[in-house]
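If you're wondering where the values come from, they're calculated on a predicted model, not measured in any experiment. Chain naming here is simple, since letters A, B, ... match the order of the sequence lines and numbering starts at 1 in each.
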Amino acid sequence: MNAYNFAYLDEQTKRMIRRAILKGVAVPGYQVPFASREMPMPYGWGTGGVQVTAACLVPEDRLKVIDQGADDTTNAVSIRKFFQKTAQVAVTEKTGEATIIQTRHRIPEQAMTEDQILVYQVPIPEPLRFLEPSEVETRKMHALEDYGLMHVKLYEDIARHGEIATAYAYPVKVEGRYVMDPSPIPKFDNPKLESSALQLFGAGREQRIYAVPPYTRVVSLDFEDHPFDPSKAPHPCALCGAEDSYLDEVITDDAGSRMFVCSDTDYCASRREDAA
Amino acid sequence: MTTPQLDGGFANLSHDAAHAFRAALQAMARPGRIEMLALARPPAPCSQAAGALILTLCDSTTPLYLAPSHDQPGLREWITFHTSAPIVRPEAAMFALGTWDALSPVDRFAIGTSAYPDRAATLIVEMTSLATKGASLRGPGIKDRAQLSLPEIAAFQDNRRRFPLGFDCYFTCGDRLAGLPRGAIVEG
């Protein structure tokens, strides 16, 4: 006998999370409060994403978990094992074979398809939080669609640095209404937020769930004279030679040597396999 | 002794609820797409798809309104036995079940507040037919355009005008299920 209910959470909890997910889908970009549960891992390790994944999983799913693009880091391995144990689902490292992908801070390089769901782990879901610490105030600002403060912040970036210096968690406007934090993905990934896959966001400690349905308009905030620039390191990948992927800078010795490699390990590995 | 109010629930609670939710999620995320959902056998006049939705989403914390078309003792008892959902008047409902005519006027249902637009009702509308033809849809979840046989047009246009407030709908017919979030742009 398996000691866990399917996908760990009890049915009452899953119903509550499922209702929150559906309202999130109905109001794209709006953060739906939910009664986040204690999970058998600390806050900050993806408890929000884990709860959303648990509520969405079916036994036939094939799950992929990535942490900063990699399948083989601690966080990704632990979460993958967690669902193997509690939901007996199949797992994969191949982006194209997965039906659900839980991610921390990256969108896979390979384009997502209609049959896939991307679940993001979110630390701070409120894009205005570092500008306005009060939840009462930020809730009011979302209600009134009052996002002037965010534009002031981006403007001050330009005044100070000559460009918008925000490189990750770059704010977006969803379907012309809510300003949303796309989680700390690099801004390089922002164009991929307009996707044919359903995207769900879970913040466990902050108790929020939100969603971007397929084919939803997602616009990175910018100014006419300072248009949004996804930017990337001006190098090809040192392992697979890709010129179009997001790169991690890896320090290779104490003398300052470094190399740039794909952050998406599956993308890099499959390119090297194809080349071999 | 037959006990129809006790039968017809999910055979495998967690797996069936997971499959039903996945269908409900895809339906709401992709308006105009019809999902199949035949896991529950509720008493008449409730359809299989509507029954599965109620088993998947309703519990003692979700007040449910049964429109006159569906306010029948057998169905009431079935819902109470399986979900414990309190049966309430339309204004207090988080979920509502009935035919479109019986649910109307739909402006009675909760549409959320500007601070909490999620506090809005979900209507489960039982249809005599459900097909991907008829009203033209645009908006989130739809690539270019989709079509769905809606019971009317004006009510959904009024609903869209209040975005991000508004109610969300599921349409059910037998084992068929489709969704229409408040943000969908409905054209004749």
Q. Would you call Arg22(B) and Glu60(A) a salt bridge, taking side-chain N to carboxylate O under 4.0 Å as the test?
A. no
One should read off an interatomic distance between Leu13(B) CG and Phe6(A) CZ, to the nearest 0.5 angstrom, of 12.0 Å
Heavy-atom closest pair (Ala18(B) atom, Val58(A) atom, distance to 0.1 Å) is O-CG1, 3.4 Å
One option among Ala120(B), Ala29(B), Ala184(B), Gly112(B) has the most heavy-atom pairs under 4.5 Å with chain A, and it is Ala29(B)
Scored by heavy-atom pairs under 4.5 Å with chain A, the best of Arg119(B), Lys143(B), Met94(B) is Lys143(B)
Here the gap from Ile209(A) atom CD1 to Asp118(B) atom CG, rounded to the nearest 0.5 Å, amounts to 10.5 Å
Under 4.5 Å to a heavy atom of chain B? For Arg18(A) that would be both
The reported gap from NZ in Lys14(A) to OG in Ser14(B) (rounded to nearest 0.5 angstrom) is 5.0 Å
Practice task
Report yes or no: is the cationic atom of Arg15(A) (NZ for Lys, CZ for Arg) closer than 6.0 Å to the six-membered ring centre of Phe21(B), at no more than 45° off its axis?
Solution key: no
Ranking Pro28(A), Cys56(A), Ala7(A), Ser196(A) by heavy-atom pairs under 4.5 Å to chain B gives rank one to Cys56(A)
One should read off an interatomic distance between Ile21(A) CD1 and Leu25(B) CG, to the nearest 0.5 angstrom, of 6.5 Å
Check this for me: Arg41(B), atom CZ, are more than 12 non-hydrogen atoms of other residues, nucleotides or ligands nearer than 6.0 Å? no
Honestly, the part of Ile117(A) sitting under 4.5 Å from a heavy atom of chain B is side chain
Contact between Pro164(B) and Tyr178(A) at the side-chain level, heavy atoms closer than 4.5 Å - yes or no?
yes
Give the intermediate values and the outcome of side-chain contact (heavy atoms from CB on, under 4.5 Å) for residues Gln26(B) and Glu114(A). CA-CA 10 Å; Gln26(B) 292 293 358; Glu114(A) 285 219 344; over 6 Å; no
Ranking Gly183(B), Pro117(B), Gly179(B) by heavy-atom pairs under 4.5 Å to chain A gives rank one to Pro117(B)
So, the part of Ile100(A) with a heavy atom under 4.5 Å from chain B: the answer is side chain
Less than 4.0 Å between a side-chain N and a carboxylate O, is that true for Asp59(B) and Arg19(A)?
yes
Could you verify whether a donor N or O on one side chain and an acceptor N or O on the other, from Thr122(B) and Lys23(A), lie under 3.5 Å apart? yes
Minimal heavy-atom distance between Ala26(A) and Arg182(B), with the atoms involved, is O-CG, 3.8 Å
Okay, Ala197(A) and chain B: the region with an atom under 4.5 Å from a heavy atom over there is backbone
So, the part of Tyr116(B) with a heavy atom under 4.5 Å from chain A: the answer is both
Ranking Pro181(B), Ser60(B), Pro31(B), Ala17(B) by heavy-atom pairs under 4.5 Å to chain A gives rank one to Ala17(B)
Applying a strict 4.5 Å limit to non-hydrogen atoms, the region of Phe10(B) in contact with chain A is neither
Of all heavy-atom pairs linking Ala115(B) and Arg139(A), the shortest is O-NH1, 2.7 Å
If you tally heavy-atom pairs under 4.5 Å between each of Gly139(B), Gly166(B), Cys58(B) and chain A, the highest tally belongs to Cys58(B)
Counting heavy-atom pairs under 4.5 angstrom with chain B, the leader among Leu198(A), Leu22(A), Val32(A), Thr216(A) is Leu22(A)
If one checks every heavy atom of Phe95(B) against chain A at 4.5 Å, the contacting part turns out to be side chain
When the 4.5 angstrom heavy-atom criterion is applied to Arg138(B) and chain A, the contacting part is neither
